[in-house]
Each structure stands twice: as C-alpha cells, then as structure tokens.
Amino acid sequence: MASSESDKVQERLIEDFTPRLREYIQVEPVLRYIDFIDNEEKELIRQKARTEGNLRAADLLIRSVVKEPHPLGWFTAFVDALKQAGMQHAADYMQLNLPSPEVEAENDSRVRLVRLLSPSLLDMKTDQVCAHCVSEGLLTADDDENIRAEIDTNGLRSGASELLRRIVRGQPSWYSTFLKILRDTEHKYMLYELTGGSPGCEEQDEKQCSMKDEPMADEGESHNSPEFMDICVNDELQDADLYASGELPNSPEPSQPDGSDLVAEAKSPEKADIVLRDYQMDVARPALEGKNIIICLPTGSGKTRVAVYITKKHLDGRKAEGRPRKVVVLVNKIPLVEQHYSSEFLPFLKHTYKVERVSGDSQLKISFKEIVEKNDIIICTAQILENYLERSNTGEDEGIKLRDLTLIVIDECHHTQKGEVYNHIMMRYLKQKHKNIRLKKEQKKTVPLPQILGLTASPGVGKATKMKQAEEHILRICANLDASKIMTTSLREFKKEPRKTIVNVEDRKEDPFGDVIKKIMLAIHAHAGLSPTCDLGSQNYEQWVGQNERKAAKDEDQKVRVCTVHLLLYNEGLNLSNTIRMSDALSFLKKEQEEEIKKKATPDGDHKIQITDTERFLFNLFKENKAELETLAKNPEYENDSLSKLRTTILHEFSSREEARGIIFTRTRRSAIALSQWIQENPKFEDIGVKPAFVIGGGDQSNVKPMTAAEQKDVLKKFHSGDVNVLIATTVAEEGLDIPACNFVIRYGLSTNEIAMIQAQGRGRAEDSSYTVVDVKNSGVAEKECVNEYRENMMNKAIAKIKNLNQAEYDKRITELQLQAILEKKVRVEKQKQKVIKNANPSDVTFSCRHCSKHVCTGEDIQIIESMHRVNVTSQFCELFIQRENPTLQERLLDYETNSSIACKQCGQTWGSMMVYRGIDCPCLDVKNFVVRIGEEKISKCNKWSELPVRFSTFDYTEHARQMAESSDEEEMD
C-alpha cells in the first residue's frame with residue numbers, strides 16, 4: 001500500500017518531535033494500547049527496554065510506528081495510545097498543542113532543578129506523595145503500580161527516585177501541582193529546597209519563592225544521587241533516561257558547574273577579558289591564524305589560559321562569519337575535566353558561550369551527542385569522544401563525526417603516540433586529511449576537519465639515546481597532531497627555575513629487620529628448590545619470581561607457585577622497609593598473611609578448605625619470626641636513612657619559610673598512605689605546623705583501595721585553602737593538575753622519565769621554590785635523575801633543530817611520518833582481522849584454578865554481559881566456589897551491583913566477584929586467577945580477557961530469567 005501525502009506529513013511530524021517523544025514515552029504502557037504493531041515486534045521492543053533501557057526502547061517503538069506500509073488510521077491510533085497510557089504531554093506534541101518556548105524552557109529548568117536537588121528529595125514519605133500524585137493526575141495507575149513495586153523491592157528511597165523520574169515527564173503544570181502536594185504532605189524543607197525560599201517565606205506567593213530568582217544550574221551537585229540518576233556502567237554504554245542524565249533538551253542557558261564549592265564562582269560575574277603576556281601571544285599567533293600547532297610551555301606558564309584565548313577568538317571569528325562553531329577540549333584524566341571547566345573555560349566564557357564538561361564518572365556521558373549539539377565548548381575525557389567517533393563509524397548508534405567539530409584542544413598532547421586514545425582520534429583525522437588531498441585532486445567535495453591545538457610542558461624524547469632519535473620522536477608527535485609548528489619560548493625572565501638538590505643516602509650499618517625477612521625468603525627458596533641469581537629486594541628479583549610463578553602455574557606445580565606468591569609479598573616488605581618505617585612494612589606483611597589465612601576459611605564454617613603442607617610451612621614460618629620482627633620494628637636505631645633524610649628536608653622547608661607548602665612524590669599508593677601517617681604521628685612535624693594528606697590514583701590496578709574522583713577533589717581543595725600544606729602523592733599529581741602556590745617539591749625514591757621530572761619540577765610554582773630528590777635503596781633515583789637531566793637537554797636541542805627546519809623540509813618529513821603511521825595502522829588492522837578469523841572455538845578452551853589446578857569450566861560455559869563482564873551462570877560452576885563479603889568490591893550501578901568475591905571451594909583462591917545483574921546472581925570471572933588451556937597450549941600469563949583469542953557467547957538475560965522462573969515453579973510444586 002503506497003503512503004499517502006497525509007502519511008508523509010505525519011511521519012515528518014513524528015521525526016521532528018522524536019527528541020521530545022523519546023523523553024516522554026514510557027514504552028510498556030504505550031505498547032498495551034497499540035494494535036497495529038504485531039506481538040513479535042512488541043516483544044522485541046520490551047526486550048530492548050529490559051536489556052538497554054527505556055530510551056533505546058522508545059527509539060525502537062518510534063521506528064516501528066513510522067515503518068511503512070501504514071495501516072489505515074495508524075497515526076490517530078498512536079496518539080490515542082499515548083493518551084490512554086497517560087502520556088498526554090507526548091500526545092500534545094503530536095497534535096501540535098505545543099507549549100510556548102518560554103513555558104518549554106521553564107519546564108526544562110524545573111526538571112533540572114528536581115534532578116539537581118534529588119539527594120534531598122529522596123527521603124520523602126513516598127507512599128503519601130505517590131497517593132497524592134495519583135489523585136492529582138500527576139501519575140497514572142500504571143505509574144503507581146511500578147513505584148510501589150520499586151518500594152517493595154528496594155525501599156522507599158528507591159521508590160522516591162522512580163516517582164521523581166516519572167513526574168517530570170508530565171505536562172508543564174506538573175511542577176506547581178508537585179509543590180502543592182509537598183505542602184499538603186508536610187514536606188516543608190523539600191518545598192523550601194525547590195522554591196529557593198526559607199521557612200520564613202512559606203506564605204509568600206509561589207512564584208516569588210520559585211526558582212526564577214536563582215539560575216537553575218547553580219544549585220549544587222549534579223551527580224551525587226545514584227538512586228535518582230541512571231548511572232552508566234562504562235564509556236561505551238547506551239543511553240539512559242535523558243531527564244536523569246544531567247542535560248535537558250533545548251536548554252536556554254549555558255551550563256554551570258556542579259559541586260557546591262563551585263556555585264559561588266559560577267554565580268560571580270564573568271572574568272575580565274583575557275589578557276595574554278607577550279610570550280603567550282607569540283606562541284598563540286599561528287593558532288589565531290587557523291593553523292594546527294603544538295604549544296610547548298613549562299608547567300605553570302599559562303598554557304591553558306592561552307588555549308582559552310584561542311578558543312574565544314576561534315568562536316568569535318566563526319560567529320561573526322556565520323560559520324559553524326564547536327570546540328572540544330580533550331584531557332586524559334578525569335580530575336582535569338572539572339579543573340579546566342571551573343578554573344579556566346567557564347569563568348572567562350560562560351556569558352558568551354555555552355560551556356559543558358563530561359567525564360567517565362559523569363552522568364552526562366550517556367547523552368554526549370546531545371551535549372555536543374547544544375553547547376559551544378565541551379571539555380571531556382578523550383575516551384568519551386573516541387567512543388562516539390567509533391559509534392558513528394560503525395553505524396551502531398548516533399555518534400559524532402570529526403566534521404561536526406571546528407577546534408580540538410588536546411591537553412598533555414605528548415600522549416598522542418601509538419596505543420594512546422589521543423592517537424586513535426588523530427588517526428581518524430589523518431586518514432581523512434589524506435583522503436581529502438586525493439578528493440581535491442579529483443575535484444570532488446572534501447570533508448571539513450577541525451583545527452588542532454596541542455598543549456604540553458614536555459614532548460620528551462621517548463627511548464632516544466641519540467639526537468637524531470630525539471628529533472624523530474618529537475617530529476612523530478608533531479605529525480600525529482598534524483602540527484604545522486611547535487611553539488616554544490624562553491621563560492627565564494618570567495619564571496625562575498627551582499633550586500635543585502639531590503640527597504644521597506647511606507646504607508644501614510645494620511639491618512636486622514631486613515635480615516630476618518631475607519632469612520625467611522631463603523628458607524622458602526630451600527623448600528621450593530629455587531635458586532635466585534639476583535639480589536633480594538631488587539626489581540630483577542621481582543621479575544625472576546614472577547617468571548617462576550607463571551611457569552609453576554603452567555606446570556601445575558602448586559608447591560612452587562604458592563611459594564612464589566609469598567616471596568613476592570616478602571620482597572615488597574623488604575622494599576617497604578627501605579622506603580617507609582619498619583612498622584609499616586611489618587603491618588603490610590601481617591595483613592597479607594591474615595588475608596592468605598582467611599582464604600582457608602569459609603564464611604559459615606561449614607566447608608573445610610584444604611591447607612597443603614607447603615602452605616602450613618609458610619604460615620608457620622611467618623609465625624615463628626613474627627615476634628622478632630615486632631621487636632626490631634620498634635627500634636628507631638635501625639630505621640632507613642632515606643626516611644631520616646626526608647624528615648630533615650621537610651623540617652628545613654618549614655623552618656626556613658614563612659609559609660611552606662609542598663608535594664612529596666612517592667612510588668606506590670601504600671608508601672603515600674604510610675608517609676602521610678608517619679608525618680601525622682610525628683610530634684616534631686606537628687610543632688612546626690605540618691598538615692599532611694595523601695592523594696593517590698583512581699584505577700584498580702593496585703591491591704590498595706583507589707581514591708574516588710570526589711576524594712581526590714576534596715584533598716586538592718584542602719591543599720588550595722591551606723587546610724593541608726603537604727601533599728603526599730603518587731604520579732597522579734605530576735601531570736596537569738593545577739596545584740598553585742607550591743614552594744617545595746620532593747621526589748622520594750621516585751624517578752621515571754624526563755617528562756615526569758619536568759612535570760614534577762613544574763609543581764613548584766611559587767617564587768623561591770625548591771626541588772629535592774631523596775634517594776632510596778635499590779631505587780637508583782639519583783642516577784636516573786642525572787640521566788633525565790641529560791634527556792631534557794637533548795629534548796630542548798631537538799626542538800630547537802626542528803624549529804630551524806625550513807617549512808618545506810618540515811612539511812615533507814611530517815607528511816612522510818603521517819603516511820607511515822596510516823600504513824602501520826592499516827597493517828595492524830589487517831593482522832587483527834586475521835587474528836579474529838583464527839579465534840579459538842570456546843569448546844577448545846578450558847579454565848583451571850591458578851592455585852590448585854582444579855578444572856573449573858570450558859569456554860562454552862562463559863558468557864559476556866554488556867561486551868565487558870565474563871560470567872558463568874551454570875549450575876555446575878556454582879557448586880565449585882564459595883562467596884566472601886568484600887567491601888572494596890561493593891558498587892551499585894545502572895544495571896548491576898557487586899558485593900562479594902567468589903573463591904575456589906577447594907583451595908580458597910579468589911576467582912572473581914558476584915555480580916547481581918538486573919536481579920540475577922552472575923558469578924563474574926577474572927581471567928588472571930586461572931590457567932587457560934587452548935587446545936594443547938597452556939597460557940599462564942593472561943591479565944585481560946581481551947588477550948584471549950576467543951569469542952564467547954552473549955548472555956541471554958531473558959532466557960536465563962525464564963529458566964530460573966521454571967525452576968522456581970518446579971520447586972514450589974515439589
């Protein structure tokens with residue numbers, strides 16, 4: 001049946017209002033009243049809602065509605081279904097009963113206000129409020145049923161979250177009705193929160209106390225309420241409810257900061273026009289002409305301010321010419337998103353342009369495409385942009401194309417190298433650039449590409465040992481960023497170099513504590529029949545033990561493998577005793593021994609886990625030596641010299657300055673925490689006003705619990721205010737984080753490369769800053785620091801040589817490197833394709849416990865959830881493990897939560913975690929805890945599932961839920 005002209009008009013109407021429809025439609029009730037969609041298609045839409053959320057299901061529903069051929073009266077039936085399902089607001093849009101732009105904008109602001117204040121609204125009397133909302137027509141019977149089901153399942157707060165999520169989909173009058181309901185149900189303080197009033201203004205006119213008196217987006221934290229907001233599992237997850245995402249359609253105002261500490265700044269007047277120093281204007285000039293460049297200036301010299309200036313001029317110019325304008329600022333760490341947003345881009349540009357930020361821990365990432373469309377400047381982590389570029393490339397979802405952007409600012413651009421996410425983005429750019437050259441020759445239309453601006457304090461020299469290699473390294477970064485120039489300047493007249501001191505340490509005359517640890521290690525060597533060829537406590541020894549662990553796991557030699565696990569712990573204890581207090585090293589060993597012993601006990605005590613003779617030997621060995629270690633740890637005479645030199649350095653800094661504020665960089669999270677505790681417990685430090693705190697990374701690569709972004713932010717805020725004046729940090733604070741007014745930097749047993757050295761020196765931004773390197777035994781820090789100085793000098797000479805190249809020669813070398821990079825990428829992709837083709841059959845893959853070698857399962861038993869989690873839900877597997885509570889694992893996200901670990905029932909080896917996925921227990925496996933066999937080949941070193949050439953089947957939630965229901969029915973019948 002051919003579509004009539006009327007059908008075409010109605011299709012176009014739905015298409016035009018799709019963004020609004022997908023927000024206001026609740027799929028399940030609408031499906032009940034639509035009869036022109038067949039049952040099979042309805043079930044597909046319901047399944048989409050269950051697996052990917054209402055927003056995705058709404059997209060599928062809308063596609064089904066507009067799909068040709070149309071039955072007679074299809075559009076009227078659709079509108080009627082919306083009305084019958086209680087979605088009058090959506091029906092109004094279809095009947096062109098549209099609110100005025102002012103009313104629509106005000107409604108969006110009110111929705112935002114409810115979202116922002118959700119943490120303080122979740123403690124409502126949900127039962128009472130829900131009943132009033134139903135009687136007032138804010139909620140339908142279907143809404144009421146769902147909210148009460150949520151209350152029964154997850155409690156009143158979760159029910160309140162569901163209630164808020166549903167009422168904001170109503171007609172614009174919902175807000176005043178909701179305020180009345182809060183007043184009627186005596187929720188006075190919630191009413192005051194929403195109206196911006198106080199107890200004294202209760203009797204005033206509603207509009208006088210309304211949010212019109214305050215900017216809507218200034219109200220506070222935007223992502224502190226996991227109960228109300230749909231939280232994304234990872235950067236690649238699909239959309240969730242837009243009204244819970246942190247951005248609203250057609251928002252009339254530029255976004256403002258989230259976080260109560262930033263509210264005052266957001267409300268303050270826009271900062272004065274940006275004024276650059278001469279050196280800043282010099283390095284910015286080519287970018288102001290529209291050229292791609294790298295700006296290489298030392299930390300603290302105002303690179304970001306230059307980028308803000310270039311951004312403003314870029315937007316101003318394109319606005320005046322009536323051309324498209326869109327700027328994306330890319331960073332490589334989550335804390336930098338908020339920092340650039342609130343400290344630089346927002347204060348200068350907020351009243352002229354719309355500025356927003358999105359990061360991996362932000363709700364806004366689920367609607368990133370809409371964020372890009374609605375704002376002029378978007379500050380985000382690079383992975384989010386890459387994910388959406390990939391979506392556009394694969395066509396699996398609405399993504400973003402490079403041609404949508406007009407300027408990309410890349411912070412810390414020295415990371416634009418092979419394997420880094422910056423480079424993935426720029427490879428897309430380079431391929432299109434060279435394709436454009438070909439299209440231009442063929443006189444075909446080219447694809448517009450954004451301008452590129454790279455920022456770095458140091459491009460480094462890579463692995464170069466000669467000047468030519470250093471030049472090649474820097475030129476490759478320039479090529480990857482398509483930079484026409486690398487802009488530098490001398491800052492000696494503006495910025496003094498910090499005083500640099502290298503403090504060498506002496507070996508202990510006696511180290512009885514370390515001698516006892518070594519005695520234990522030698523006894524383990526004898527028991528396992530191992531003969532090391534390197535010094536105990538060294539990095540080479542650690543590598544040697546690791547090789548033996550992998551070999552033992554592969555050979556199913558449980559005796560040697562368990563010995564290597566304990567040797568690694570003692571080696572770490574030995575290193576800790578050279579870095580921090582002996583008592584800290586002993587605490588670490590005690591805790592690790594307790595954890596190993598805990599593995600041999602079940603939570604309920606019903607099941608006995610085997611303890612082998614070797615394990616019994618190892619437990620007794622520590623027990624026999626523990627008392628001696630405790631006695632020695634209390635004797636300050638045997639403390640390491642590094643700690644003594646660090647104490648002297650800190651005391652000197654605080655006694656010689658009127659107001660000292662500094663950072664101590666150390667190698668591990670454990671040493672950062674221990675050093676902070678050491679300073680707190682030392683009365684001498686307290687007497688001179690030392691106030692320490694530690695800041696460590698947020699990744700989960702370490703056994704030490706990571707810091708959340710909020711915790712990092714809180715510590716840095718205290719450091720800014722002076723509540724903390726000594727920051728003990730791992731390398732997380734070396735790069736990018738804005739830590740001003742710091743007048744001393746100490747690198748304690750830590751030296752990586754010349755980039756890290758330059759970054760660390762740059763932390764000391766105040767006048768008369770000092771930079772001290774304190775050596776630690778076996779660290780080689782003093783020698784590495786000298787090497788880094790040489791490499792820094794080599795880098796500066798290489799940059800000077802590159803700047804002296806004539807432009808034609810420079811362009812030629814850049815083009816050659818770009819074509820080489822494109823070709824290398826093509827070869828890698830082809831190899832990857834061949835690797836995929838050679839994927840092993842899951843039935844040929846077996847998994848055995850890494851500790852006791854017990855056969856666990858085959859690849860056929862493994863399924864994948866959300867392209868990320870490998871689970872085994874077979875009943876046979878569930879008989880093989882025990883569960884243990886693990887607070888560090890506890891996490892609640894959109895569709896799943898983890899709250900315990902799973903371990904081998906036979907030996908106690910941890911296997912992974914128990915994930916509750918949409919109400920179903922799914923044992924989630926960590927591949928590093930297993931020995932994997934593919935055919936006849938054993939793989940003992942596999943840290944990531946992506947390293948296995950196996951394609952596992954996707955977890956079928958519907959089928960598994962059906963089987964569970966059937967099993968439950970059978971049990972009830974029995």
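Just so we're clear, the structure is a prediction, and the values are computed from it rather than from any experiment.
In this pair, Trp174 and Phe178 present their aromatic rings tilted. The plane angle is within the 30 to 60° band. Between Trp74 and Phe36, the angle of the ring planes goes over 60°, which puts this pair in the perpendicular group of the 30/60° scheme. In this structure, Tyr917 and Tyr957 have perpendicular ring planes: the angle between them is above 60°, well past the 30° mark.
Checking Glu150 against Asn146 by side-chain atom types alone, no donor-acceptor pair falls below 3.5 Å. If you check the side chains of Asp80 and Gln84, you find no donor sitting under 3.5 Å from an acceptor. Using modelled atom types and a 3.5 Å distance limit, the side chains of Gln863 and Arg870 yield no donor-acceptor pair. Asn872 and Thr874 share a donor-acceptor pair across their side chains, judged by distance under 3.5 Å alone.
For Val30 against Ala81, the heavy-atom pair with the smallest separation is O-CB, 4.1 Å. Contact record, Tyr388 with Lys369: CE2-N, 3.9 Å, taken as the closest heavy-atom pair. Looking at every heavy atom in both residues, Asp142 comes nearest to Pro29 through OD2-CG, 3.7 Å.
Contacts of Lys48 classified as salt bridge (charged side-chain N to carboxylate O under 4.0 Å, His left out), with partners at least two apart in sequence or in another chain: Glu52. Qualifying salt bridge (charged side-chain N to carboxylate O under 4.0 Å, His left out) partners for Arg325, counting only residues two or more places apart in sequence or in other chains: none.
Sparse packing is recorded around NZ of Lys435, with 12 or fewer heavy atoms of other residues, nucleotides or ligands lying under 6.0 Å away. Residue Glu43 qualifies as enclosed at atom CD: its count of foreign heavy atoms under 6.0 Å is above 12. Within 6.0 Å of CD in Glu40 there are 12 or fewer heavy atoms belonging to other residues, nucleotides or ligands. The environment of NZ in Lys431 is sparse: at most 12 heavy-atom neighbours from other residues, nucleotides or ligands sit within 6.0 Å.
Side-chain contact check for Val372 versus Leu405: some heavy-atom pair is nearer than 4.5 Å. With a 4.5 Å cut-off on side-chain heavy atoms, Leu13 and Leu96 count as touching. Under the 4.5 Å side-chain criterion, counting only non-hydrogen atoms from C-beta, Gln10 is not in contact with Phe78. Residues Glu356 and Ile379 are not in side-chain contact: their nearest non-hydrogen atoms beyond the backbone lie 4.5 Å or more apart. You'll find the side chain of Glu15 stays beyond 4.5 Å of the side chain of Leu21, heavy atoms only.
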**Request:** Evaluate the criterion salt bridge (Lys or Arg N to Asp or Glu O under 4.0 Å) for residue pair Glu11 and Lys67; output intermediate values, then yes/no.
**Result:** CA-CA 9 Å; Glu11 284 175 16; Lys67 187 170 67 177; over 6 Å; no

Review point. What's the verdict on side-chain hydrogen bond (donor to acceptor under 3.5 Å, both in side chains) for Gln88 and Asp92, showing C-alpha distance, side-chain angles and the deciding distance?
Key: CA-CA 6 Å; Gln88 184 62 47; Asp92 285 346; 2.9 Å; yes

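To the nearest 0.5 Å, the span separating CD on Gln432 from NZ on Lys401 amounts to 9.5 Å. Here Glu386 contributes atom CD and Cys380 contributes atom SG; the two are 11.5 Å apart, rounded to the nearest 0.5 Å. To the nearest 0.5 Å, the span separating CZ on Arg56 from CD1 on Ile45 amounts to 14.5 Å. Rounding to the nearest 0.5 Å gives a distance of 9.0 Å between NE2 of His187 and CG of Asp123. Note that SG of Cys133 is 5.5 Å distant from CD1 of Ile167, once rounded to the nearest 0.5 Å. Atom OG1 of Thr185 and atom CE of Met124 lie 8.0 Å apart (nearest 0.5 Å).
Electrostatic pairing of Lys354 and Asp376 does not count as a salt bridge here, judged by no charged N lying under 4.0 Å from a carboxylate O. Checked for salt-bridge contact, Lys180 and Asp184 meet the test: a charged N lies under 4.0 Å from a carboxylate O. Between Asp38 and Lys42 there is no salt bridge, since none of the side-chain N atoms of the basic residue sits less than 4.0 Å from a carboxylate O of the acidic one. A salt bridge does not link Lys374 with Glu370: none of the charged nitrogens is closer than 4.0 Å to a carboxylate oxygen. For Glu104 and Arg20, the salt-bridge test passes: some basic side-chain N is under 4.0 Å from an acidic carboxylate O.
For the side-chain contact (heavy atoms from CB on, under 4.5 Å) with Ser64, the lone residue among Ile37, Asp59, Leu44 that qualifies is Ile37.
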